[in-house]
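One structure is given here, and the rest of the page talks about it.
Letters go in sequence order (proteins before strands), and every chain restarts at 1.
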Protein chains: 2
Amino acid sequence: MFLVNRRGEQILGQPSYRSLADLPQPPELVAIVVRAAGFEAAVDESLRAGARAIVAITAGLGEKDAAGLALQRAMADRVRAAGAVLVGPNCLGIADTGTDLDLTWDRFRPGSAGLISQSGNLGLELAQLGDDAGLGFSRFISVGNQADVDAAECLRALIDHPPTRAIAVYVEDFVDGREFASIAESAAAAGKPVVLLTIGATPASARVAQSHTGALVSESIAVDAACRASGMYRVETPQQMIDLLQLLLAPHQPAGRRVAIAGDGGGHVALAADRLIARGLLVEPFSDRLSASLAGILPPTATTRNPVDIAGAGEEDVFNFERVVRLMAQSGEADALVLTGYFGGYSEQSEDYRRLELEVAGAMTRSAHDAGRFLMVHSMYPTSRTSQQLRQDGVPVYGDIDEAALALGRRADRIADPPLGVPPLPPATHPPAPFATDYFGARQLLAEAGIPFAEARPAESEHAALAAATAIGYPVVLKALGATHKSDTGGVRLGISGEAPLKDAFREMQARLRPASFSVEKEATLASGIELLIGVKRDRRFGPISLVGLGGISAELIHDLAVALAPITVEQAVALIRSLRGAQLLVGYRGRPRLDIEAAARALSALSQLAAARPELAEVEINPLLVLERGVLTLDARLIRQSTDPETR
Amino acid sequence: MFLVNRRGEQILGQPSYRSLADLPQPPELVAIVVRAAGFEAAVDESLRAGARAIVAITAGLGEKDAAGLALQRAMADRVRAAGAVLVGPNCLGIADTGTDLDLTWDRFRPGSAGLISQSGNLGLELAQLGDDAGLGFSRFISVGNQADVDAAECLRALIDHPPTRAIAVYVEDFVDGREFASIAESAAAAGKPVVLLTIGATPASARVAQSHTGALVSESIAVDAACRASGMYRVETPQQMIDLLQLLLAPHQPAGRRVAIAGDGGGHVALAADRLIARGLLVEPFSDRLSASLAGILPPTATTRNPVDIAGAGEEDVFNFERVVRLMAQSGEADALVLTGYFGGYSEQSEDYRRLELEVAGAMTRSAHDAGRFLMVHSMYPTSRTSQQLRQDGVPVYGDIDEAALALGRRADRIADPPLGVPPLPPATHPPAPFATDYFGARQLLAEAGIPFAEARPAESEHAALAAATAIGYPVVLKALGATHKSDTGGVRLGISGEAPLKDAFREMQARLRPASFSVEKEATLASGIELLIGVKRDRRFGPISLVGLGGISAELIHDLAVALAPITVEQAVALIRSLRGAQLLVGYRGRPRLDIEAAARALSALSQLAAARPELAEVEINPLLVLERGVLTLDARLIRQSTDPETR
């Protein structure tokens with residue numbers, strides 16, 4: 001390693017060179033830490049000196065202003081043209097714990113997790129939280145403004161990096177989101193799960209990201225869709241990232257939702273049951289047989305049905321912990337074993353206890369793993385000697401039972417909803433076939449794509465409205481066209497049963513709303529149907545996103561949306577609809593008829609194909625889509641055409 | 001302190017006496033740690049020796065079997081008769097950090113939080129998590145089986161204990177829940193907020209609690225109702241307990257939901273914004289004036305609109321942290337200030353940095369507190385010297401931004417929904433006026449209490465049904481009486497428009513369901529109404545609980561319930577209904593008419609009064625209660641009479 005400093009001074013006691021040209025041999029990699037004003041010169045000098053890689057820690061470029069953005073782009077081009085690569089600028093360095101490469105602020109504990117972070121400080125926080133949890137890193141790359149090398153490229157590189165067994169990503173701007181999701185899918189397929197932390201779920205954080213690294217953040221539903229497609233795990237905080245990585249790196253993975261809980265103390269096991277169930281796990285009573293086996297080794301005050309409170313048996317004989325874990329592991333009655341409470345703390349009481357507890361911990365780990373079972377521990381002593389040994393042996397240890405429950409719940413959710421796959425986007429038609437975005441234009445476009453509508457006719461006069469109603473047959477619905485949310489402004493009148501009320505409605509709406517035009521439509525019978533909302537929304541980074549949820553007036557009250565990267569097949573659309581909480585209402589809930597989920601799925605899939613083929617569609621919302629016992633019917637739809645935006649596809 | 005041991009051996013190097021009678025002076029307090037078989041003798045001996053208080057650590061009594069329960073009850077009576085008190089049995093001791101009294105396993109850091117725990121190990125976990133967060137305890141009481149002294153009594157004692165400024169409670173069995181809630185209300189009124197951790201949210205944990213301390217756990221909604229009434233804060237884990245206590249013990253409390261966020265690094269402030277907003281806080285853009293003031297002291301890459309990313313200005317001059325906090329505090333634009341990210345870590349880099357950062361932390365704390373503002377810090381270095389100093393100065397510090405956000409969100413929720421007060425229960429009528437629990441009996445009871453019903457007539461024959469329909473007027477509804485969930489089994493037919501369809505419906509239901517009887521009812525127009533569910537449910541410990549939520553088929557899909565200890569006034573019922581997420585639907589949502597919330601509240605209040613006056617009502621559920629533009633209408637109701645259970649009132 002050589003230090004370069006214009007004044008040639010000693011730096012931290014080491015000699016420095018006045019320029020890169022003065023080095024005794026060409027540098028493989030140059031880390032640039034000059035001020036922004038000297039950035040261009042430093043890059044040029046690096047390339048001249050023969051550098052193959054540049055790590056640009058320099059800030060104040062693309063995240064500052066348009067001039068900085070232009071400069072960083074130009075430099076990235078220059079670097080690539082020279083056959084080199086550039087990380088940053090505005091980054092915090094890189095590290096490879098398998099070699100001596102360590103160009104970062106803090107030390108990274110060596111381990112199996114690859115870490116890609118667009119924020120330097122969050123990278124450091126992850127390193128630190130990982131260290132607290134005994135979790136180490138194979139490589140760390142702070143990608144900063146991603147002028148050249150971006151997070152996706154780093155992700156791809158980690159797939160082929162044997163020491164890396166799971167990948168942690170903090171990213172604000174996904175650049176080519178589809179490409180990113182595809183690589184994440186490949187990583188998962190290669191047995192390297194990707195855990196993602198991102199921001200932009202709120203306008204407040206999007207505001208900052210834009211300014212921070214010039215990032216274009218994605219809407220939260222787009223990120224969710226990318227996770228659903230690729231199998232990425234999404235977390236919300238650095239701590240959750242570390243919690244989940246611990247779990248994913250364990251040698252035996254949980255196989256489903258059924259959890260067996262044991263501990264010495266009723267409070268702890270009861271609390272664990274409440275939290276695990278709250279996070280979507282199942283804590284089902286054990287069989288008589290397993291319960292009797294447990295009762296055979298435990299005191300009469302113990303509970304043996306799951307959760308298991310060994311009720312002081314651990315203090316009597318610490319090997320009882322192992323016996324209980326072994327019986328639970330061998331029973332096959334649980335997909336995951338959770339030990340909670342005091343265990344892990346004996347090693348802190350005395351040397352004798354330490355020796356004993358370490359022995360028990362080792363035996364317990366073997367018993368679980370020999371049976372092929374995932375074991376996790378919540379311990380009041382998460383940093384004790386025993387907890388450290390457990391982690392080394394592949395047993396995740398948590399200091400907070402809810403963190404453990406959340407991580408396990410995420411894993412179980414993924415098993416229940418396997419990745420849908422990242423669909424390619426069809427080539428766009430150029431020039432796109434034109435269409436009108438007004439109400440009837442939208443109807444025509446959607447109907448041609450195969451989405452069923454209630455019969456409707458345009459009417460600009462009262463006379464035309466009456467004629468339309470006669471042709472369609474009463475009862476009809478009258479809609480005033482023009483307003484975005486028609487039902488807000490009283491622009492939709494339902495249940496018009498004849499000429500007189502139609503005239504009244506027409507005149508009243510005409511006078512109040514002065515709409516450009518009207519639509520007269522056949523009234524659908526709502527009685528046995530359920531209203532869904534289906535739609536597509538184009539994200540700047542991930543392209544078209546399909547979404548489905550409960551519709552009608554419930555849509556905005558109930559956050560029960562399922563999302564996917566468009567396009568999706570009919571089969572995938574069925575899976576999406578079935579993953580809604582409200583899906584119960586469609587499958588014959590409490591004596592109701594079973595509704596036509598397949599028809600709803602066909603409409604959802606058709607809409608996703610349309611959006612994928614037509615990049616000029618920014619957003620389509622069909623709400624409500626009435627799902628009947630046979631078929632579906634679009635009762636209202638709106639469509640937004642893409643505004644011209646060079647960042648958008 | 002004296003040790004007593006039957007063999008008179010030395011214990012841990014200290015001499016012991018063979019019996020309590022041998023002591024040189026009467027003991028004030030005796031801690032009993034003998035086995036269950038020796039418990040009775042040890043208590044008797046203690047009383048004879050003149051003990052005023054007994055702490056019974058002995059286990060294997062009330063939590064084991066009926067004989068143990070009988071014995072512990074008898075001993076508790078004997079102790080009280082002697083004018084003494086008993087803590088436990090099956091407890092882990094007590095401690096008073098203001099004196100030398102320390103009869104527990106671990107050491108408690110001295111401080112301002114009183115701790116009452118029914119589980120010994122959870123008490124220890126709280127002690128340890130508190131210690132990690134620099135939070136100390138004034139007193140610790142492990143109440144165990146609560147044979148004599150219960151959690152409520154301890155709570156009352158802590159109100160009058162000056163060193164105690166906030167109270168942490170872990171309890172499984174509330175014994176007299178109303179009394180407990182009343183005392184918690186008094187504690188809050190005395191400026192000592194109570195934070196509650198309990199179990200029993202799931203059948204799995206209820207199973208354990210019963211066995212663990214013989215506890216009768218309460219349903220989660222009853223605990224929520226007690227919190228809503230008394231102002232207790234409910235948490236879900238020991239960590240959340242410590243997080244919230246830190247906040248509640250701060251000298252200046254947040255005044256509302258508006259949060260100002262600052263940090264050095266866009267990732268951290270963006271993540272903080274996302275988490276705080278997810279937890280119900282508001283992160284609104286600052287005024288031009290405040291933003292300009294901030295821009296005046298920060299580099300051009302900083303964001304100054306909220307959240308504030310000082311973008312390297314902290315590394316340039318660490319005093320910038322103080323300047324930013326001061327400007328935000330003095331602006332009056334936020335109810336709480338949150339600093340997030342690296343700050344707290346400089347003190348770990350070098351002696352010089354430590355000195356500087358401690359100075360800045362002190363100045364920052366003064367600036368916030370002088371302006372009367374609550375300040376909290378999320379730091380990557382939550383145990384650093386600076387973080388310790390911040391806590392000593394009354395600034396809560398968290399290692400996880402989501403923990404900070406959750407604690408702040410809970411405080412803000414409490415400000416938005418102040419306690420309703422714990423209502424007394426009226427004396428029950430003895431003997432209770434009789435009523436029939438069949439459908440028409442329930443209708444009559446509820447109608448007499450002031451709850452409006454659609455007109456209905458019983459009909460046992462087709463002939464009677466036709467006569468009833470004629471008297472009521474078509475369209476009518478036909479209900480088969482007897483089944484619990486009538487709509488599940490197709491026992492309700494809506495929209496019967498005339499004689500012929502009524503006959504068809506009657507015959508079909510008669511053949512299929514063979515009901516004991518029918519009800520013919522006036523059909524209500526659902527068009528403009530919204531269906532609510534209102535009800536009361538009697539908890540074994542808290543008595544009658546009122547509940548209200550969205551009704552109809554949505555009720556079980558949408559967990560949007562508001563609960564209160566019954567009885568409630570009409571005004572309180574209005575507040576309850578308005579606190580529903582679905583309340584939007586009632587107040588004129590998106591062009592819909594405003595519905596009669598007051599009438600719904602009158603029905604809810606009337607039902608709560610009825611349940612309070614009639615302990616023999618176990619459960620009443622009115623679903624749906626149709627809320628119209630004028631008035632409400634009960635469309636279906638069911639009622640369960642209390643089974644005879646000595647534990648129940």
Side-chain angles (χ1 to χ4, degrees), chain A residues 59-60 63-64 118-119 121-122 124-125 128 170 172 199 201-202 204-205 207-209 211-213 236-237 239 265-271 273-275 277-278 283 300-301 303 305-307 309 312 341-342 380 400-402 485 487-490 553-554 557-558 581-582 584-585 589-591, chain B residues 59-60 63-64 118-119 121-122 124-125 128 170 172 199 201-202 204-205 207-209 211-213 236-237 239 265-271 273-275 277-278 283 300-301 303 305-307 309 312 341-342 380 400-402 485 487-490 553-554 557-558 581-582 584-585 589-591:
Chain A
E63 83 281 13
K64 187 179 172 192
Q118 204 173 347
S119 154
N121 274 351
L122 276 169
L124 296 185
E125 181 168 7
Q128 219 156 264
Y170 171 78
E172 295 168 5
I199 55 166
T202 61
S205 74
R207 252 188 332 261
V208 172
S211 161
H212 172 37
T213 45
E236 290 153 336
T237 64
Q239 183 65 55
H268 271 117
V269 300
L271 207 57
D274 281 350
R275 295 322 300 152
I277 292 170
V283 183
T301 45
T303 57
R305 278 287 172 197
N306 196 24
D309 169 17
Y342 195 86
M380 287 166 55
D400 178 13
I401 185 62
D402 196 45
H485 287 96
S487 65
D488 290 15
T489 52
I553 52 167
S554 312
L557 293 181
I558 307 165
R581 263 186 297 147
Q584 287 179 65
L585 295 176
Y589 176 68
R590 296 186 62 173
Chain B
E63 82 280 13
K64 187 179 173 192
Q118 204 173 346
S119 154
N121 274 351
L122 276 168
L124 296 185
E125 182 167 7
Q128 219 156 266
Y170 171 78
E172 295 169 6
I199 55 167
T202 62
S205 74
R207 258 191 323 263
V208 172
S211 161
H212 172 37
T213 46
E236 292 153 336
T237 65
Q239 183 64 56
H268 270 117
V269 300
L271 208 57
D274 281 350
R275 295 322 301 154
I277 292 169
V283 183
T301 46
T303 57
R305 278 286 172 197
N306 196 25
D309 168 18
Y342 194 86
M380 288 166 55
D400 178 11
I401 185 64
D402 195 44
H485 286 96
S487 65
D488 290 16
T489 52
I553 51 167
S554 313
L557 293 183
I558 307 166
R581 262 186 296 145
Q584 288 178 64
L585 295 176
Y589 176 68
R590 296 187 61 172

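The parts of B:Pro307 that come within reach of chain A are both its backbone and its side chain, each placing non-hydrogen atoms under 4.5 angstrom from that chain. Proximity to chain A involves both the backbone and the side chain of B:Glu125, based on heavy atoms less than 4.5 angstrom apart. Residue contact with chain A, scored on non-hydrogen atoms closer than 4.5 Å, involves the side chain of B:Ile277 exclusively.
When all heavy atoms of B:Gly267 and A:Ile199 are compared, the pair lying nearest together is O-CG2, 4.4 Å. Of all non-hydrogen atoms in A:Ala270 and B:Ser205, the two that sit nearest each other are O-CB, 3.2 Å. Nearest approach of A:Gly266 to B:Glu172, heavy atoms of both residues: C-OE2, 4.5 Å. Smallest separation of non-hydrogen atoms from A:Ala204 and B:Ala273: CB-CB, 3.9 Å.
Comparing A:Asp400, A:Leu124, A:Val269, A:Leu271 by heavy-atom pairs within less than 4.5 Å of chain B, the highest count is held by A:Leu271. The most heavy-atom pairs under 4.5 Å with chain A, out of B:Thr202, B:Asp274, B:Asn121, come from B:Asp274.
Taking CD of A:Glu63 as the start and CG of B:Asp309 as the end, the distance is 9.5 Å to the nearest 0.5 Å.
The closest donor-acceptor contact from the side chain of A:Gln128 to the backbone of B:Met380 lies under 3.5 Å.
Residues meeting the salt bridge (Lys or Arg N to Asp or Glu O under 4.0 Å) test with B:Asp402, sequence neighbours left out: B:Arg275, B:Arg279.
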